[in-house]
There are 2 protein chains.
Amino acid sequence: MEFDYSNALTHLMSHVLKLYRHNVDMLIGEYDVSPGQPPLLMRLAEKDGQIQKELARQIHVKPATLTVMINRMQKAGLVERKPDQIDQRVSRVYLTEKGRLATEAVKNALYTIEQKCFEHFSSEEKILFRRLLQQMHDDLEVLRMTNS
Amino acid sequence: MEFDYSNALTHLMSHVLKLYRHNVDMLIGEYDVSPGQPPLLMRLAEKDGQIQKELARQIHVKPATLTVMINRMQKAGLVERKPDQIDQRVSRVYLTEKGRLATEAVKNALYTIEQKCFEHFSSEEKILFRRLLQQMHDDLEVLRMTNS
DNA sequence: CCCTTTTAGTTAGCCGACTAATCAAGGAGG
DNA sequence: CCTCCTTGATTAGTCGGCTAACTAAAAGGG
């Protein structure tokens, strides 16, 4: 069976995404924000004080991953945990003042790079691109379900 | 500035790629091959006995990353290092027999999933999709250059 | 020919992701 | 009630990525 992985679309896609992350890292370098944290900051900007389980679900990581990430961000002074008043198991995560400032910078960086990524796409191409990604997503979801 | 990251194309793309990797991991589970190793195996299948610097370039990781990865794969019996006869600095990487078997399985898995990913794409859509990814790639390359 | 620079690889230390195992608090049923 | 089960979070251990600092071999240049 001849399958040229180096020419596969998934391979190209994975390379592009790596470049994307690298660009983001460069733009946010000086805010005590490390590579994996932007998605979390965006979610907190939308809605402060969420519980960890919910945040983990939104940024597509496991709760265990989030625990460690939040530990570091707490140490860096970006966020703080506050225990829930009703349910003593859950802890809610809030942006600090420093976190809010960093979040603004990160949002600007993400916006800038998103513009750069798609500046040569027409509106139709952007819509089509989203549709194709969504199609991939759905097919991979199905595959995941049938195999596990 | 209103920028809804949770709706950004890069966010969707990153989620799709995570799903892709998860699917690959599930299919190759029982071959002593861990998540990051398939790209390296594909390159070795194409051309055995390459030097580490060149392999690192091909799979888009730093030489330091590759050193550690190859250590583990050597321990798992998938590959072996042999010193170059002429240049005593470089070491060349070869697939073992076990490595060759695993590589065949991995290639099948990658092919299967690639099919699944794009089974609902027309030929034109696949061509367009590649063109769009390449466009993103080029724009991100330029950005990277101007900022570093 | 020796000294300096370049180059291939390694090591150490950090961050992000995962699974599996554990802990602690809440809930449900007998 | 008290036990058992479920659920949110954490810990430990593994893998994959990076940078920075280092080692050792090769290549140049005076």
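Numbered from 1 within each chain, the chains take letters A, B, ... in sequence-line order.
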TODO: Could you tell me whether B:S34 contacts a base, only the sugar-phosphate backbone, or nothing, with contacts defined as non-hydrogen atoms closer than 4.0 Å?
DONE: sugar-phosphate

- [ ] Examine C:dC15: is either OP1 or OP2 under 4.0 Å from a nitrogen or oxygen in the side chain of A:Q37? Give yes or no.
- [x] no

Task: Nearest-nucleotide pick for B:M69, side chain only, options being D:dG16, C:dA8, C:dA12 - done: D:dG16

- [ ] Kindly say whether B:S34 contributes a backbone atom to a donor-acceptor pair with the side chain of B:Q37 at under 3.5 angstrom?
- [x] yes

- [ ] Provide, to the nearest angstrom, the distance between the OH atom belonging to A:Y20 and the P atom belonging to D:dG17.
- [x] 19 Å

TODO: Can you tell me the distance, in whole Å, between the CG atom of B:L66 and the P atom of C:dT11?
DONE: 13 Å

Task: Main-chain N/O of B:I113 paired with B:N23 side-chain donor or acceptor, under 3.5 Å - done: no

Open item on the list: With a 4.0 Å limit, can you tell me whether A:K62 has a side-chain N or O closer than that to the phosphate oxygens OP1/OP2 of C:dA17?
Closed with: no

TODO: For B:D87 and for A:I59, locate the closest nucleotide of DNA chain C by heavy-atom distance; then report the residue assigned to the nucleotide nearer the 5' terminus.
DONE: B:D87

TODO: Answer with base, sugar-phosphate or nothing: what part of the nucleic acid does B:I86 contact at a heavy-atom distance below 4.0 Å?
DONE: sugar-phosphate

Task: Distance in angstrom units between B:D84 CG and C:dT7 C1', rounded - done: 14 Å

Task: B:R72 side chain near D:dT14 phosphate (N/O to OP1/OP2, under 4.0 Å) - done: no

Task: First encountered from the 5' end of DNA chain D, between A:T65 and A:H22 - done: A:T65

Task: Spacing between A:I28 atom CD1 and C:dC15 atom C1', to the nearest angstrom - done: 12 Å

Open item on the list: Under 4.0 Å, heavy atoms only, any strand: does B:R21 hit a base, just the sugar-phosphate, or nothing?
Closed with: nothing

Task: Contact under 4.0 Å: B:Q88 side-chain N or O vs C:dG9 OP1/OP2 - done: no

Open item on the list: Using a 6.0 Å distance limit plus a 45 degree cone around the ring axis, check whether A:K107 lies over the aromatic ring of B:Y5.
Closed with: no

Open item on the list: What I'd like to find out is whether the side chain of B:L110 reaches to under 4.5 Å of the side chain of B:I28, using heavy atoms alone.
Closed with: no

Open item on the list: Counting the atoms with a prime plus P, OP1 and OP2 as sugar-phosphate, which does B:L55 contact under 4.0 Å by heavy atoms, base, sugar-phosphate, or nothing?
Closed with: nothing

TODO: Give one of base, sugar-phosphate or nothing for A:R92, where a contact means two heavy atoms less than 4.0 Å apart.
DONE: nothing

TODO: For A:I51 and for A:K18, locate the closest nucleotide of DNA chain D by heavy-atom distance; then report the residue assigned to the nucleotide nearer the 5' terminus.
DONE: A:I51

Open item on the list: Which nucleotide wins on minimum distance to the side chain of B:R89, given the candidates C:dA8, D:dC18, D:dA9?
Closed with: C:dA8

